[in-house]
Amino acid sequence: MGKDSVSEKKPKLMKKSYIPFGRPDYGREEIQAVTRILRSGWIGMGSETIKFEKELARRIHAPHVVAVGSCTAAMMLSLHVFGVGKGDEVICPSLTWCSTANVVLYQGARPVFCDIDPTTFCVTPGSILEKVTPRTKAVMVVHFGGFAVDVLRLRLVLPKHIAIIEDAAHAFGARYPNGELVGSSGNLVCFSFYANKNLSTAEGGAVALFDQKKADKIRSLRQHGLPIDAWKRFTHPKAILFSAALKELGYKANYTDLQAALGRVQLRRFSSMQSHRSKIAAVYGKFLKKNLPWVLPQASVTCDRHAKHLFPIRIRKNSRIKRNWVLRELRKKGIGATVHYAPLHKMPLYENSKTNNLPFTEEVGAEILTLPISASIQRREAIWVCKKLMEVLK
Ligand SMILES: Cc1ncc(COP(=O)(O)O)c(C=O)c1O
């Protein structure tokens, strides 16, 4: 956490204080960067976005990164460039944020929910293979909480014509089991830079990929399908001709230089923000092991390769204490514990997917709770969370 962190001054452990589950860590550098862009006269997508994309690409060892308006947009455009459409099936977990499945509906395709591993809360090659049919066109792999799924192993067992898209909304900075950074797999890897994410630009997202043609196509699709970006549209001598060359229906899904300025600072500070998250995770991990061994944290959540976007725990159902009651009691005590996630296949929008036989998703969905974690939460706040959890569960 930066010495001049904006959020450092706020939380006080008074009766009325509230520790939110996630909180961005912005300091003087971010404020200066945003101010610089505001004063520059160009806040839309331009040269700052291009610099941010290049720095991201270098950081995660991916040849191309395209910044877009959100991770939702990144996933939607990824499905689009693989030609996913009507009649196709896309396999994804049910224990995820709704956008993982919603983007499949946007393309007119059908989400097919698969089960998860009850310890990592992530999909596995086995749970995905069970759902493959001749209509399967793609798989959305969610790196839940920041735990990276073994996509190399998945690629080996999955039929070659099925695309793998990684929902890495939680996983910027995470590593695959082989030690490589998430984003460097060669799949289309979609990140979120939403307010509470490990790298935060208020809103925003990006696709990391190896394929130049697909990268160019996403660049065009994020700007209505125009062949050039807004920056060049207003500066390039032949811009008028480019604008006239609209061939394909795209979307309004661009990034902005205001966000990129924030992102470039966050990227420079990323390692220190991550090491702070690791310290908070270690506080929780040690406390649970010693005092509440029947409360199970997500597997590997204290390990180096986990990005620690979330710190998920399972309040086991066979104990006499129920998860929702624990959640309510923690909230009353000012702890912003929350649920990631209620399974999608039980929600009215997806009820007619007639999904059944997801035993681990339902078990984890009924027991999961996430403790506050961020780069701006203080160690003493994490200890306070442990104390309150103990009071509730004792
Ligand atoms: C697993 C997962 N996927 C996708 C998203 C969507 O990210 P965004 O808000 O950037 O669209 C989120 C958002 O929190 C998420 O948690």
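Remember, it's 1-based here, ligands and their atoms both numbered in the order they're listed.
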Are Glu363 and Arg314 within salt-bridge range, i.e. N to O under 4.0 Å? yes
Expected output: side-chain Arg175 to main-chain Arg305 donor-acceptor under 3.5 Å: no
Distances under 3.5 Å, N/O of ligand 1 against N/O of the protein: list each pair and its distance.
residue: ligand 1; atom: 3 (N); partner: Asp167; partner atom: OD1; Å: 3.1
residue: ligand 1; atom: 3 (N); partner: Asp167; partner atom: OD2; Å: 2.7
residue: ligand 1; atom: 10 (O); partner: Cys71; partner atom: N; Å: 2.9
residue: ligand 1; atom: 10 (O); partner: Ser192; partner atom: OG; Å: 2.7
residue: ligand 1; atom: 11 (O); partner: Cys71; partner atom: N; Å: 3.3
residue: ligand 1; atom: 11 (O); partner: Thr72; partner atom: N; Å: 2.9
residue: ligand 1; atom: 11 (O); partner: Thr72; partner atom: OG1; Å: 2.5
residue: ligand 1; atom: 14 (O); partner: Lys197; partner atom: NZ; Å: 2.7
residue: ligand 1; atom: 16 (O); partner: His170; partner atom: NE2; Å: 2.8
residue: ligand 1; atom: 16 (O); partner: Tyr341; partner atom: OH; Å: 2.8

Aromatic contact between His340 and Phe121, with the criterion being ring centroids under 6.0 Å apart: yes or no? no
Polar contact flag, side-chain donor to acceptor under 3.5 angstrom, Glu248-Ser220: no
The complete set of side chain to side chain donor-acceptor pair (under 3.5 Å) pairs with one or both residues in residues 136-157, sequence neighbours excluded, reads His143-Glu166
For the residue pair Asn254 / Lys252, report whether a side-chain donor-acceptor contact shorter than 3.5 Å exists. yes
